[in-house]
Amino acid sequence: MSSFRNLDNIDVRGKRVLVRADLNVPMAGGKVTDATRIERQAPTIRELAEKGARVIVLSHFDRPKGKVVPSMSLRPVAAPLAAHVGRAVAFAGDTIGAEAKAAIARLKDGEVLLLENTRFYAEEEKNDETFSKQLAALGDLYVNDAFSAAHRAHASTEGVARHLPCVAGRSMQAELTHLEKALAHPDRPLMAVVGGAKVSSKIELLQNLVAKVETLVIGGAMANTFLAAQGKSVGKSLYEPDLLDTARAVMAMARDGGATLLLPVDLVVAKEFKAGAAHRTVPADQVGADEMALDVGPATIAAFTASLAQTRTLVWNGPFGAFETLPFDAGTVAAARAVAAATKAGNLLSVAGGGDTVAALAHAGVENDFTYVSTAGGAFLEWLEGKKLPGVEALKAPVKIGHRES
Ligand code: 3PG
Ligand code: MG
């Protein structure tokens with residue numbers, strides 16, 4: 001984290017501070033259905049307001065593709081944001097136009113304004129230079145608090161940082177601190193859990209992680225592709241016949257690099273994929289031709305838990321089974337609870353992220369019991385792939401002229 005400047009390094013009183021938040025929250029019928037991201041972004045906004053900044057919040061919402069789509073307005077987010085910040089949040093119905101400029105001109109020290117969806121402008125996703133400058137002209141300082149959008153090289157996440165002094169907000173700072181502890185400078189042994197449906201969506205992630213960890217645990221339907229690559233019959237299980245060589249390459253990397261690969265040793269199988277389907281537990285090489293694997297079995301969880309006891313740092317992405325369809329949640333729930341217990345006991349630093357993962361931890365009732373749970377989906381995956389995130393890289397740029405250190 002030392003390489004990133006944060007709110008401690010800037011003097012904000014009386015300044016117009018542009019805060020890039022990620023307010024791309026789940027919404028149904030005009031109501032926010034999960035406020036986690038709002039909760040995570042509120043402290044930065046509150047701190048800036050308390051320090052006397054004129055806070056101007058920027059965010060995208062959904063994918064309007066460069067057009068004004070009224071159902072994708074950020075307007076309904078202003079009230080929940082205000083509730084979490086603990087201050088009024090004004091809203092401007094555009095982003096760089098007359099309404100936004102007038103609202104900014106009216107801001108007093110300590111007041112907060114939310115601007116309309118940056119993606120109503122096609123220039124946002126094109127990272128257009130003129131648009132970036134127009135955004136930059138709205139403020140004196142730029143604070144990026146949107147780790148979950150940092151894999152996008154867009155005007156509000158990357159371009160604007162070239163034109164203003166910039167620092168990481170508190171949520172960005174927390175994400176970077178924990179991800180660095182988990183992967184860049186971990187206490188070892190380090191374990192990665194990679195689950196989910198497809199090897200194809202996680203090739204780079206597997207290749208990056210297998211070279212970094214002592215133990216790589218594979219769960220979910222993607223484990224079937226590995227089992228098939230070992231010559232086991234997977235019956236009707238979901239797997240990717242085109243990815244067998246990729247799975248073999250990952251296994252070879254593990255063998256050559258000295259990483260232990262933990263694949264399921266037993267599976268919960270059923271003849272149909274539906275809640276409450278009749279099922280049985282079988283060794284991983286005994287899946288019947290008319291059966292499909294929907295979860296890992298207790299012997300797999302026992303092996304996982306034994307390995308976990310030796311582990312100091314864990315990174316988790318993806319479930320072990322079809323956890324949304326009961327009772328095929330048992331493996332994921334047991335594994336998540338084991339990680340939570342080891343973390344609580346002070347034996348483990350645990351970091352999880354990626355859309356499905358957070359839902360799985362919440363299902364297991366342990367989303368608050370990991371050391372850190374990222375709000376990021378795609379950005380978390382790209383981090384695990386070892387990629388540089390444009391929004392994070394932009395924060396490393398040299399301090400711009402006119403910037404005053406506190
Ligand atoms: C997310 O929800 O993952 C971020 O807000 C980024 O959104 P995007 O995938 O539409 O760029
Ligand atoms: Mg998304």
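Read the numbers this way: they start at 1 and go in the same order the structure lists the ligands and their atoms. The structure displayed is predicted, hence computed values, not measured ones.
Annotation: Asn24 places an N or O atom under 3.5 Å from an N or O atom of ligand 1; distance criterion only. Note: an N/O pair closer than 3.5 Å links Arg152 and ligand 1 by distance alone.
Short contacts between ligand 1 and Asp22, defined as distances under 4.0 Å to a heavy atom of the residue, involve ligand atoms 4 (C), 5 (O). Heavy-atom proximity to Ser148, at under 4.0 Å, picks out these atoms of ligand 1: 4 (C), 6 (C). The contact set between ligand 1 and Arg63, taken as ligand atoms under 4.0 Å from a residue heavy atom, comprises 8 (P), 9 (O), 10 (O).
By the 4.0 Å N-to-carboxylate-O rule, Lys126 lies too far from Glu123 to be salt-bridged with it. For the pair Arg54 and Glu111, the salt-bridge criterion is not met [side-chain N within less than 4.0 Å of a carboxylate O].
A cation-pi contact, defined as under 6.0 Å to the ring centre and within 45° of the axis, is absent between Arg337 and Phe370.
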Check: residues 79-93 side-chain donor-acceptor pairs under 3.5 Å, at least two apart:
residue: His84; atom: ND1; partner: Pro80; partner atom: O; Å: 3.0
residue: Arg87; atom: NH1; partner: Gly110; partner atom: O; Å: 3.0

Can you list, pair by pair, the side-chain donor-acceptor contacts under 3.5 Å of residues 243-264, counting residues two or more places apart and other chains?
residue: Asp245; atom: OD1; partner: Arg248; partner atom: NH1; Å: 2.8
residue: Arg248; atom: NE; partner: Ala229; partner atom: O; Å: 3.2

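With hydrogens and angles ignored, the 3.5 Å screen pairs no side-chain donor or acceptor of Thr371 with any backbone N or O of Val351.
If you look at Arg119 next to ligand 1, the close heavy atoms, those under 4.0 Å, all belong to the side chain. At a heavy-atom cutoff of 4.0 Å, ligand 1 is contacted by no atom of Ala149, backbone or side chain. Counting heavy atoms closer than 4.0 Å to ligand 1, residue Arg37 contributes side-chain atoms (C-beta onward) but none from N, CA, C or O.
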